[in-house]
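First the structure, which I've put down as C-alpha cells, then a few questions once you've had a look.
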Amino acid sequence: MASESFAETIDLLVSDVRMPGCSGPRLARALLGARPGLRILFISGYAAGDIEAELGPAAAQCGFLEKPFTARGLREAARLVLFGSINP
C-alpha cells in the first residue's frame, strides 16, 4: 500500500464506502492497523449500516457523509471529524 512509504502524518482518510476492487471499510481497516490515530470520513449514496457491519466497533470513530453533498458540506463534515463531534 502506498501509505506505508509515506512518512508524514495522515490526519484524515476520506473514502467512498463502495469502490471497484476494494471497500472503504476494508481500506480503513488496513490503514488503521498502521496509523491508529487516523480519522475517517466515509462518503456514500448508501446507508451507513455497511460501515458498521464491516468495521465493527471501529465504526464509532468514523464520520459519514451522504451523497450528494456540497463542497461546504464536505468541509464541515471533515472539520467535525477532525476537531469536533465524530458523527457529522
Side-chain angles (χ1 to χ4, degrees):
M1 187 174 298
S3 71
E4 293 168 352
S5 63
F6 187 71
E8 300 296 320
T9 300
I10 298 175
D11 296 311
L12 178 66
L13 168 67
V14 178
S15 176
D16 204 321
V17 173
R18 295 185 182 176
M19 301 177 291
C22 181
S23 74
R26 191 168 92 192
L27 172 64
R29 202 172 37 250
L31 286 173
L32 281 170
R35 300 173 184 269
L38 180 67
R39 299 292 189 144
I40 301 163
L41 174 62
F42 287 113
I43 58 174
S44 183
Y46 300 97
D50 292 346
I51 299 165
E52 294 162 4
E54 245 183 284
L55 278 182
Q61 63 188 87
C62 301
F64 182 80
L65 182 61
E66 189 174 344
K67 293 178 187 178
F69 53 84
T70 63
R72 183 178 184 184
L74 176 59
R75 184 178 63 241
E76 181 65 11
R79 185 190 68 75
L80 288 170
V81 170
L82 286 169
F83 306 112
S85 169
I86 294 300
N87 295 313

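Sequential numbering from 1 along the given sequence is applied to the chain's residues.
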message = Show the nearest heavy-atom pair for residues R39 and V81, with the distance to one decimal.
response =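 That closest heavy-atom pairing would be NH1-O, 3.5 Å.
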key: Pairwise distance CD(E76) to CG(L65) - rounded to 0.5 angstrom   = 10.5 Å
request  = Taking the side chain as every heavy atom from C-beta outward, state whether L41 and L13 have any atom pair closer than 4.5 Å.
outcome  = no
inquiry  = Please give me the minimum heavy-atom distance between P25 and F42, naming the atom from each residue.
reply    = N-CE2, 3.6 Å
inquiry  = Just to verify, what does D16 make a side chain to side chain contact (heavy atoms under 4.5 Å, CB included) with, not counting sequence neighbours?
reply    = M19, I43, S44, K67
key: Least distance between heavy atoms, S15 atom then G24 atom   =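 Shortest heavy-atom contact: OG-CA, 3.5 Å.
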ask   = If we only count heavy atoms from C-beta on, is the I40 to L12 side-chain gap below 4.5 Å?
value = no
note = Residue set satisfying side chain to side chain contact (heavy atoms under 4.5 Å, CB included) with R35, at least two apart, ordered chain then number -> S3, F6, I10, L38
